Amino acid sequence: MKHFDTLTTTKILFDHVQLMDRIITLMDSRGHNNILIHRYELMLADYIRRYVNQDESEKRRVNIAFSVKNLQQANLLADLHLGEGVMVFQPSLITLLRLCNSELVKELSDIEFKAMLSRLKELRNALDNLSFSDQNDDFRETRQFIFDHIVEIRSKLRSNELKMKQLSQRLSQIAKETTQSEQNFIENKLTMFREASQLSLRSITPALQFLDPHYTVDKGNLHQVIDSIREKFESHQRYEDANDLLLLGLNLLQSYQPIEQCNREVQAFLRKNHRTVREYNAMEAAYRALKEEYSQTLTKRLNRFYIQDSSSWVKNNDFVLGLKNNSKNQPKRLNIFSTESYLDGFWRQLQLRIDDAKLMSFTIGQADSTTINRTQTNRLRRDSLILEIADKMRLVDTPDLHAHIHPRLSIMLSSHHLTYQLTDLLLVINRFKTTRNNIVTTLKRRKIADGQQAYRYQVVRFGSQGENNNDK
């Protein structure tokens, strides 16, 4: 039977990578790195029948390339037990196939992180019995093993990062399957929590602990072990190796941030759905209690037509009190727009605004139009104009003269800055105190605010209300 060399066989395997993806998925689901030969041959026959059966020449190529004997001669099998009917692919081939499909990348578990760290510690301890010389074969091999192992760690972490980039899509898919499934809502939520929690506990948290330079581990964490090896190189004046280790340590540290971001997404997902389940449970419990109380009103007892105020459900839910369907507990609507006092106050304020407009038209018509502007040369003329306006302004009884005059002056004088408004307001108020009767300054204090600026003032009353000085 014809056979292919390693390169040709590898090319054919990658031309039909769908079959290899299925094989890797099967091995991962079983938790083993081997596959039964008869199971492999059944999968190969099924793949050829579905996808290659139309082309006879390609069918022969695939049969030859994927045959167990050809894989063994091409050195693509790490182990073959014909007696037990088991075959094992080369780990390097499986790793390369996983890199071509991010869905096949295995998430590193806590056991794998511990094994990688333990191996690095063993290599560090092996340096203690060696002379740091290039002529020493054991040192050269140990040194090469150290760098190869750290690069392997970085490679696995990088593959893990690519896997975690699909995390948001996976979480969205879990939530979507939960809402669309026909199973019980609570069962769906429990399944979702189990998958998300397992993802966090088995993959993300161990990765963060493995990469955290401050995490406490017996005999040193990852970065402490690398630093100790680097110090050994520096103490023996191997500065180039020490610098290479420093760069590798920094590269490992860069993996921490993207994994931490994934961890935040998972925790936020768990918190959000945990709150949803709690709300659902609360509503379900309240509904069952309400349904039980309501069922008691469906009997023939004449005094149980509605839920009693003394029932446990009403006592446990304070908002229920006062919500029974009777007229005395219904809120009353206040028709203030049709009351005489509201209309009287509205027309009074409207008449004051009309009087202010006439007053400004007459006063500024007599004065220079630039007088209303605030400049150094016409400040006295402007203040004289404001005093003239104050003498002619019509007032009504008010408990707060500042609050009554301030909006009127703001419209009349168009002062946009609070400082200018207050200057005009105080000038007018002081004028009223000297020219008008029935003005009383009380001990109450209020404020006029504009954004972050505010002015506190003593309340001044005007009118017949000023005759009563009880709150001075």
Side-chain angles (χ1 to χ4, degrees), residues 1-109 112 155-156 159-160 162-167 169-170 172-174 176-178 180-183 188 191 194-195 198-199 202-203:
M1 184 177 180
K2 182 180 178 181
H3 300 288
F4 296 125
D5 58 15
T6 302
L7 180 60
T8 305
T9 303
T10 305
K11 287 181 179 179
I12 297 175
L13 260 60
F14 277 90
D15 287 339
H16 300 273
V17 72
Q18 299 91 337
L19 174 58
M20 295 303 301
D21 289 349
R22 293 179 185 178
I23 293 173
I24 295 175
T25 303
L26 176 63
M27 291 190 297
D28 290 343
S29 64
R30 294 176 58 247
H32 298 287
N33 63 346
N34 56 41
I35 184 173
L36 297 176
I37 296 178
H38 77 275
R39 179 64 176 170
Y40 168 78
E41 291 176 345
L42 287 175
M43 295 178 67
L44 174 60
D46 180 70
Y47 176 80
I48 293 175
R49 178 175 55 82
R50 289 188 178 187
Y51 302 103
V52 195
N53 202 29
Q54 302 296 331
D55 191 341
E56 288 296 328
S57 62
E58 183 64 18
K59 180 178 178 181
R60 285 195 299 272
R61 287 181 72 247
V62 173
N63 269 319
I64 294 173
F66 279 88
S67 65
V68 176
K69 189 173 183 180
N70 181 73
L71 292 174
Q72 184 182 22
Q73 291 188 357
N75 198 29
L76 294 180
L77 292 181
D79 201 359
L80 178 64
H81 297 282
L82 294 176
E84 299 178 2
V86 175
M87 56 188 287
V88 180
F89 285 94
Q90 287 284 2
S92 55
L93 174 64
I94 300 298
T95 300
L96 187 59
L97 289 167
R98 290 186 189 276
L99 289 176
C100 297
N101 187 352
S102 59
E103 294 182 358
L104 297 178
V105 175
K106 294 182 65 176
E107 295 166 348
L108 299 175
S109 64
E112 291 173 292
S155 175
K156 290 183 177 180
S159 300
N160 221 34
L162 297 176
K163 184 75 172 180
M164 290 183 180
K165 283 184 178 180
Q166 304 173 351
L167 186 61
Q169 298 178 358
R170 291 178 60 188
S172 300
Q173 184 65 25
I174 291 173
K176 183 178 180 180
E177 292 174 355
T178 300
Q180 294 181 351
S181 175
E182 297 180 357
Q183 298 178 1
N188 294 339
T191 302
R194 191 179 302 111
E195 293 182 10
Q198 185 176 11
L199 179 66
R202 287 189 53 82
S203 300

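As the structure is a prediction and not an experimental result, all values here were calculated from the model.
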Exercise. Below 4.5 Å, heavy atoms only, C-beta onward: do Leu80 and Leu71 meet side chain to side chain?
Worked result: no

Exercise. Could you state the interatomic distance from CG (Leu19) to CD1 (Ile24), rounded to the nearest 0.5 Å?
Worked result: 10.0 Å

Exercise. When rounded to the nearest 0.5 angstrom, what is the spacing between CG in Leu26 and NE2 in His32?
Worked result: 10.5 Å

Exercise. Step by step, would you call Asp79 with Asn34 a side chain to side chain contact (heavy atoms under 4.5 Å, CB included)?
Worked result: CA-CA 9 Å; Asp79 201 359; Asn34 56 41; over 6 Å; no

Exercise. If you take all heavy atoms of His81 and Ile37, which pair is closest and at what distance?
Worked result: O-CD1, 4.3 Å

Seminar exercise, completed: The reported gap from CG in Leu76 to CG in Leu93 (rounded to nearest 0.5 angstrom) is 5.5 Å

Problem set entry | Taking every non-hydrogen atom, the tightest pair across Arg61 and Phe4 | O-CE1, 3.7 Å

Problem set entry | Heavy-atom side-chain contact between Leu97 and Phe14 under 4.5 Å | yes

For this session: Taking all non-hydrogen atoms of both residues into account, name the closest pair between Ile64 and His3 and its distance.
Result: CG2-CA, 4.2 Å

For this session: Evaluate the side-chain proximity of Tyr51 to Gln18: yes if any heavy-atom separation is below 4.5 Å, no if none is.
Result: no

Seminar exercise, completed: Paired with Thr9, the side-chain contact (heavy atoms from CB on, under 4.5 Å) test is passed by just one of Thr6, Leu13, Ile12, namely Leu13

Seminar exercise, completed: Interatomic distance, CE@Met20 vs OG1@Thr25, rounded to 0.5 Å, equals 10.5 Å

Exercise. Counting N and O atoms only, with roles assigned by atom type, does the side chain of Glu112 sit under 3.5 Å from a partner on the main chain of Ser109, one being a donor and the other an acceptor?
Worked result: yes

For this session: Output the distance between atom CG (Leu99) and atom OG (Ser155), rounded to the nearest 0.5 Å.
Result: 6.0 Å

Exercise. For the side chain of Tyr40 and the backbone of Phe66, is there at least one donor-acceptor N/O pair under 3.5 Å apart?
Worked result: yes

Problem set entry | Derivation of the side chain to side chain contact (heavy atoms under 4.5 Å, CB included) call for Arg98 and Ile94 | CA-CA 6 Å; Arg98 290 186 189 276; Ile94 300 298; 3.6 Å; yes

For this session: Please round to the nearest 0.5 Å and tell me the distance separating atom CG of Leu42 and atom NE2 of His38.
Result: 6.5 Å

For this session: Report yes if the side chains of Val86 and Ile35 come closer than 4.5 Å at any heavy-atom pair, otherwise no.
Result: no

Exercise. Would you say the side chain of Asp46 lies within less than 4.5 Å of the side chain of Arg22, judging by non-hydrogen atoms?
Worked result: yes

Seminar exercise, completed: Nearest heavy-atom contact between Leu77 and Gln90 is O-NE2, 3.7 Å

Problem set entry | Least distance between heavy atoms, Asp28 atom then Leu104 atom | OD2-O, 4.1 Å

Problem set entry | Val68 vs Gln72, side chain to side chain contact (heavy atoms under 4.5 Å, CB included): CA-CA, chis, key distance, verdict | CA-CA 6 Å; Val68 176; Gln72 184 182 22; 5.5 Å; no

